[in-house]
Amino acid sequence: MQTTQNIATKYNDIKDISLVDFLGVETEQTLPAHQIWKDKPTIVIVIRRPGCQFCREEAKIFHENRQTIEEAMGMKMVCIVHEKEGSDIFQNESWHGQVYFDPEKGFYKGLGGGGHLRTGGWEQLIKPSFWLNFVRNKRSGVKGNFEGDGSILGGLLVVNAGNGGIAYEHIEKVWGDIAHADKVLEACSRVSGVPLSKETVAKAQEDHDALHQKMQQSSHATGETGAEPSGGACAPAAAPASGSSSA
């Protein structure tokens with residue numbers, strides 16, 4: 001199927017990336033990325049950090065749509081991580097699906113077509129969109145931790161089967177900038193050829209709209225004081241000397 005979105009990520013930059021299957025196996029196995037979507041179109045969620053509460057929220061949202069995506073549409077869903085720390089907990093508690101390790105950070109460099117790692121540091125904290133994402137996550141009840149490196153931004157791709165290329169992309173621009181499930185479901189419908197019910201799309205959109213409404217009603221969004229971002233795992237507890245972040 002032809003791509004319908006203006007895609008910045010180049011398929012040739014991701015198709016041969018070496019990934020490691022490492023969770024729940026006796027012996028780790030390395031495979032090229034194109035093996036994943038060889039037979040089925042695939043959603044590839046590039047996770048910023050397994051312990052990140054935003055990343056866990058994204059995983060939870062798409063896991064809730066797993067039956068529609070994998071059974072009704074005949075697609076696959078996988079997550080990519082650039083570090084192993086916390087990946088087992090992420091898989092067992094939030095994702096419940098396949099996770100691959102990207103040791104060379106190939107997907108992270110390839111997202112957006114820039115060929116380099118996109119990072120977010122403490123300057124992310126001054127962006128209004130970060131605080132909206134933070135409040136949305138706090139309202140969702142998904143928790144995280146501060147373990148690992150969260151400075152490298154991720155994203156999401158919908159990849160056609162075989163060498164059909166990339167059909168949809170979402171590039172994380174600030175911490176917590178997760179893809180909207182309704183947009184991804186619509187892309188999956190185009191790719192798989194399986195129509196979506198209006199109820200399914202509406203439900204996915206309503207879930208995100210409800211979170212957005214809670215953000216707008218929060219003290220961060222209305223400008224009220226007295227609500228500090230304590231206890232979350234979107235940003236490091238203290239500024240790191242090296243300039244990196246653990247969000």
**Message:** Quick check on Lys183: does its NZ atom have over 12 non-hydrogen neighbours (other residues, nucleotides or ligands) under 6.0 Å away?
**Reply:** no

**Asked** Looking at SG of Cys79 and CZ of Phe62, how far apart are the two atoms once the value is rounded to the nearest 0.5 Å?
**Response** 9.5 Å

**Asked** Would Leu19 and Val78 satisfy side-chain contact (heavy atoms from CB on, under 4.5 Å), going step by step from the backbone distance to the final call?
**Response** CA-CA 12 Å; Leu19 300 173; Val78 303; over 6 Å; no

**Asked** Would you find more than 12 non-hydrogen atoms of other residues, nucleotides or ligands less than 6.0 Å from Glu28 atom CD?
**Response** yes

**Asked** Which atoms form the tightest heavy-atom contact between Ala181 and Asn65, and what is the distance?
**Response** CB-ND2, 4.2 Å

**Prompt:** Could you give the distance from NZ (Lys109) to NZ (Lys105), rounded to the nearest 0.5 Å?
**Reply:** 7.5 Å

**Message:** Can you confirm whether Leu111 sits close enough to Leu153 that some side-chain heavy atom of one is under 4.5 Å from a side-chain heavy atom of the other?
**Reply:** no

**Prompt:** Between Glu169 (side chain) and Ala8 (backbone), is there a donor-acceptor pair under 3.5 Å?
**Reply:** yes

**Fill in**
CE of Met77 to CG of Leu156, rounded to nearest 0.5 Å, is 10.0 Å

**Asked** How close do Val81 and Ser87 get, heavy atom to heavy atom, and via which atoms?
**Response** CG2-OG, 3.7 Å

**Message:** Less than 3.5 Å apart, any donor N or O on the side chain of Tyr11 or Asn160 sitting next to an acceptor on the other?
**Reply:** no

**Prompt:** Are the side chain of Thr27 and the backbone N or O of Val25 linked by a donor-acceptor pair below 3.5 Å?
**Reply:** no

**Message:** So which atom in Lys10 and which in Ile166 form the shortest heavy-atom distance, rounded to 0.1 Å?
**Reply:** C-CD1, 4.2 Å

**Message:** Could you tell me if the side chain of Val44 sits less than 4.5 Å from the side chain of Ile36, heavy atoms only?
**Reply:** no

**Request:** Step by step, work out the salt bridge (Lys or Arg N to Asp or Glu O under 4.0 Å) result for Glu64 and Lys60.
**Result:** CA-CA 6 Å; Glu64 290 173 351; Lys60 183 176 181 291; 2.7 Å; yes

**Asked** For the residue pair Ile178 and His170, what are the closest heavy atoms and their distance?
**Response** C-NE2, 3.5 Å

**Request:** Spell out, as yes or no, whether a donor-acceptor pair under 3.5 Å connects the side chain of Lys15 to the backbone of Asn163.
**Result:** no

**Item:** Test item: Arg66 side-chain N/O and Trp95 main-chain N/O as donor-acceptor pair under 3.5 Å
**Value:** yes

**Full working for side-chain contact (heavy atoms from CB on, under 4.5 Å) between Met73 and Ser189** = CA-CA 7 Å; Met73 294 182 170; Ser189 179; 4.1 Å; yes

**Item:** Verdict with supporting geometry, Ile7 and Leu157, side-chain contact (heavy atoms from CB on, under 4.5 Å)
**Value:** CA-CA 10 Å; Ile7 305 296; Leu157 301 172; 5.8 Å; no

**Message:** Once rounded to the nearest 0.5 Å, what's the spacing between atom CG of Leu23 and atom CZ of Phe90?
**Reply:** 10.0 Å

**Prompt:** Looking only at atom types and distance, does a side-chain atom of Tyr108 sit under 3.5 Å from a main-chain N or O of Ile47, one as donor and one as acceptor?
**Reply:** yes

**Asked** In terms of the angle between their ring planes, are Phe101 and Phe22 parallel, tilted or perpendicular, with boundaries placed at 30° and 60°?
**Response** perpendicular

**Item:** Test item: Asp102 side-chain N/O and Ile80 main-chain N/O as donor-acceptor pair under 3.5 Å
**Value:** no

**Flag, side chain of Arg118 to backbone of Gly154, donor-acceptor distance under 3.5 Å** = yes

**Prompt:** Heavy atoms, side chains only, cut-off 4.5 Å: are Asp21 and Gln98 in contact?
**Reply:** yes

**Message:** Under a 3.5 Å distance rule, please check whether Thr30 uses its side chain to pair with a backbone N or O of Val20 as donor and acceptor.
**Reply:** no

**Message:** Quick check for you: to the nearest 0.5 Å, what is the distance between Lys76 atom NZ and Ile69 atom CD1?
**Reply:** 14.0 Å

**Message:** Could you report the tightest heavy-atom contact between Pro41 and Val191, atom names first, then the distance?
**Reply:** CB-CG1, 3.4 Å

**Request:** Supply the atom-to-atom distance Thr9 OG1 to Phe107 CZ, rounded to the nearest 0.5 angstrom.
**Result:** 10.0 Å

**Asked** At their closest point, which heavy atom of Arg48 faces which heavy atom of His82, and how far apart are they?
**Response** O-NE2, 2.9 Å

**Exam field: side chain His116 to backbone Gly114, donor-acceptor pair closer than 3.5 Å** = yes

**Item:** side-chain contact (heavy atoms from CB on, under 4.5 Å) between Val158 and Met75, intermediate numbers included
**Value:** CA-CA 10 Å; Val158 177; Met75 297 181 62; 4.0 Å; yes

**Request:** Output yes when a side-chain donor or acceptor of Thr119 lies under 3.5 Å from a complementary backbone atom of Ile152, and no otherwise.
**Result:** no

**Asked** So does Gln35 have more than 12 non-hydrogen atoms from other groups sitting under 6.0 Å from CD?
**Response** yes

**Message:** Do His63 and Ser94 make a side-chain contact, defined as non-hydrogen atoms from C-beta onward lying under 4.5 Å apart?
**Reply:** no

